[in-house]
Amino acid sequence: MLVLLIGLIFCYGSGILLPFCVPRKPQIQGMLGSACSSVASLIGIALGLGGLVAAEPLTASVASLIPLLSFAVRLDPLSSFFVLTISLAGLATSIYAMSYLKEFHGRVSVAMLAALTNGFLLSMILVVIADNGFFFLMAWELMSLVSYFLVVTEHEKAEVRDAGFFYLVMTHVGTAFVVLTYLVLFQSAGSFSFESFRHPEQALPDGMKTLVFLAALIGFGTKAGIVPLHGWLPLAHPAAPSHISALMSGVMIKTAIYALIRVYFDFLGGQFPWWWGFTVLLVGTLSALLGVMYALMEHDLKRLLAFHSVENIGIILMGIGAGMIFQTYGLTEFAALGLLAALYHTINHALFKTLLFMGAGSLLYATHTRNMEEYGGLLRRMPWTGLFFLIGALSISALPPTNGFISEWLLFQTLFLSFQLPALFLKLMLPIAAAILALTGVLALACFAKAFGISFLALARSTHARQAEEVPIAMRIAMGSLALLCVGLGLAPMIVVPLLDRITGPLTGLSISDKVLALDGWALAPVNMEFSSVSTPMLAVMLLLCGLLGLVLAFLFGGQLVTRSYKTWGCGITLSPRMAYTATGFTQPIKRVFSTIYQPTIKLETEFLEESRYFAKQRKFEFHIEPIFEQYLYGPVVRVFLGIADRLRILQGGSLHLYLAYIFVTLVVLLLFAV
């Protein structure tokens, strides 16, 4: 496996350098970068699978001249799983980019874009295999900086620069808490080695453990996009090129999930008070609910998908939080089930979110707009993109037999096992979380019914939509491969569960694969068959048979099948795109039901004819929802910092003598501390 790891680093390194070897040939630059990342991702898939089934973890290290730093890597089941997840998304986006990069020819440096993409993928791999805290922080910072430069690819646009700046600020706020996490662990371990974190020289006091828990939740949670630290996602993800948005939303935010599991279940040994798990569960539940609710109100397709990342990170955290609660009370079997559900949803979300972002990128490629109100009727012009987007929409809506259904079903089973807990409060809270998860699923289904229906059905509502054409073959292959995986992971839990069990077993101390799988792997029954069970292969067969039965009945009782085409009856008038449902109209009932949260504002301006005020010349309709977090959280914080900066401006006098005096005073203070 060491050879594979070296090959992976070599290929990504080649992808960083080779595009610059062919100046003024953007097509070749893009192909070289994409080819290198494709080969590296294939190696990463082999490396991840190999690490998952290996008997012992792969470890390797290279010493450095910097104290406490060693370039140590470790490929155990947990890191292998994330290498596999990153590589699957990396392979699809690399193939996609072979054609998609044409969109940027002549506008930005394709060589730089291809090189940064390879660097971005490599940095994510380094984050999940790093075995030294110092090295981890370097890889983490590299990932953040490279992703920032990718976000501002189209920096000539003001909104892109603003999004990049906000992302940079938020990610470094998170990094500050990550550094605090590792500094506290270093205090007890005396080293930055992850092995020393697992076996510290002195056990951390409970107060310091709590500090690690909170710092990790805030630091990694900022990168993951938990509520209320999610503000950068709906800004940065739409601003980046679509294949980068897919990587950021599909896998980059999952590196934070990796880090949280590593800290809580590995470094802290999986021993914690109940309220830690409850806090994670609460944060996850709020993120899931608010993420999908704000997604529903979006007309920008990429912003809609970004908010759904907040929702799905919340679902993953619900599984982790439930697992932590059960672990607290020694219910190891259920703890392993919660963690397994979280990891299952992690790879599922990586696949269907990458697919959906590439689908959104294809619509942007064909229509040059992200506004769903300007789509319509695209299924006729882009049937393959429509099919793949539909499979992604079914998966994220957790409909059988796709992969999203399986992971959310496992999470429901975990939450419904709360009756085994001794604490009455938690017995009540976990089913409430399950109810909110059910509501989240319904809202997600409504949201993607809107996204697919408004975009692909009815009549085209703009010239762009009427002139759209299907995307090139490379982009279709990339989307099609992920669509197959979405269905495959839904139909084959008998393969996925044993692999995930190799991760949860060492972390919780119990293997549950045999207890979760039933009927030789063809069904899932986490508790027993009488309590609950499901078989997605059987569900798929039943759905297929129902469809065939309908066709047979139609043939038997409907007579000979004939094709008749009629013009849709339009009440005597000619139908136009203005008569179709809009995204705004589709969500109007939901907006009214949840008006307490949305706090909608409607502004209607009417200009009347000069001849008579009873006849309108034109009307202008504006609709806004209250950006609660921006107004009540980010806004006050920004104002405080601006106020402090304004008061400190006096220090910047523009005098060279003054600046020399600052340096002199600083040196004196440092010398006094040194003495």
Side-chain angles (χ1 to χ4, degrees), residues 233-234 237-238 242 245 249 288-312 314-315 349 352-353 355-364 366-367 369-383 385-399 402 404-405 408 438-462 464-465 468 486 577-595 597-598 600 602 621-625:
L233 268 90
H237 287 188
S242 295
S245 305
S249 188
L289 182 60
L290 293 178
V292 71
M293 289 183 68
Y294 282 110
L296 258 167
M297 295 300 115
E298 283 297 331
H299 302 164
D300 183 320
L301 188 53
K302 290 180 74 174
R303 277 178 62 89
L304 179 149
L305 295 176
F307 274 116
H308 270 288
S309 293
V310 179
E311 175 218 349
N312 282 278
I315 292 172
H349 179 251
F352 58 63
K353 184 49 66 70
L355 168 60
L356 288 167
F357 259 112
M358 291 196 297
S362 298
L363 297 186
L364 180 60
T367 63
T369 178
R370 303 195 310 249
N371 186 359
M372 282 189 290
E373 302 288 27
E374 297 183 34
Y375 292 162
L378 290 173
L379 191 60
R380 294 175 186 168
R381 309 195 68 83
M382 305 174 68
T385 300
L387 173 64
F388 301 142
F389 192 93
L390 178 61
I391 292 174
L394 294 176
S395 301
I396 199 171
S397 303
L399 293 179
T402 58
F405 167 75
E408 290 202 26
L439 174 62
T440 300
V442 172
L443 294 176
L445 181 60
C447 188
F448 278 92
K450 178 188 85 168
F452 184 82
I454 299 298
S455 302
F456 289 97
L457 304 181
L459 300 173
R461 291 186 293 277
S462 71
H464 293 308
C486 286
R578 294 189 61 193
M579 300 172 185
Y581 247 121
T582 63
T584 304
F586 189 93
T587 55
Q588 185 65 17
I590 299 172
K591 208 177 301 168
R592 288 183 179 276
V593 170
F594 295 104
S595 59
I597 295 175
Y598 291 130
I602 296 175
F621 175 83
E622 291 182 8
F623 168 79
H624 300 284
I625 60 173

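Bear in mind that the values here come from a model prediction, so they are computed numbers and not experimental data.
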[X] side, atom [atom1]; [Y] side, atom [atom2] - distance, nearest 0.5 Å:
X	Y	atom1	atom2	value
Asn312	Ile396	CG	CD1	5.0 Å
Leu356	Ser362	CG	OG	11.0 Å
Leu457	Arg380	CG	CZ	9.5 Å
Ile454	Asn371	CD1	CG	11.0 Å

**Request:** Identify, with sequence neighbours excluded, every residue that meets ring pair (Phe, Tyr, Trp, His ring centres under 6.0 Å) alongside Phe594.
**Result:** none
**Message:** Can you list everything that forms a ring pair (Phe, Tyr, Trp, His ring centres under 6.0 Å) with Phe456? Sequence neighbours excluded, please.
**Reply:** Phe389, Phe452
What closest approach, in Å, do [X] and [Y] show between heavy atoms, and which atom pair accounts for it?
X	Y	result
Lys353	Ser249	CG-OG, 3.3 Å
Leu378	Ala465	CD2-O, 3.7 Å
Ile391	Cys486	CG2-CB, 4.3 Å
Thr402	Leu394	OG1-O, 3.5 Å
Arg381	Ala468	NE-O, 2.5 Å
Leu364	Thr369	CD1-N, 3.6 Å

Side chains of [X] and [Y]: does their closest heavy-atom pair fall under 4.5 Å?
X	Y	result
Leu301	Tyr375	yes
Leu290	Val310	no
Leu305	His237	no
Glu311	Leu443	no
Glu373	Ser462	no
His299	Thr582	no

Of all residues at least two apart in sequence or in a different chain, which pass the side-chain hydrogen bond (donor to acceptor under 3.5 Å, both in side chains) check with [X]?
X	value
Lys450	none
Arg461	none
Thr440	none
Lys591	Gln588

**Prompt:** Going by the salt bridge (charged side-chain N to carboxylate O under 4.0 Å, His left out) test, which pairs reach into residues 291-301, not counting sequence neighbours?
**Reply:** Glu298-Arg303, Asp300-Arg370
Results of side-chain contact (heavy atoms from CB on, under 4.5 Å) for [X] - residues two or more places apart only:
X	value
Ser595	Pro600
Leu459	Pro577
Ser245	Ala240, Lys302, Phe357
Ala393	Phe448

**Message:** Please check this pair: side chain of Tyr598 against backbone of Met293, looking for a donor-acceptor N/O pair closer than 3.5 Å.
**Reply:** yes
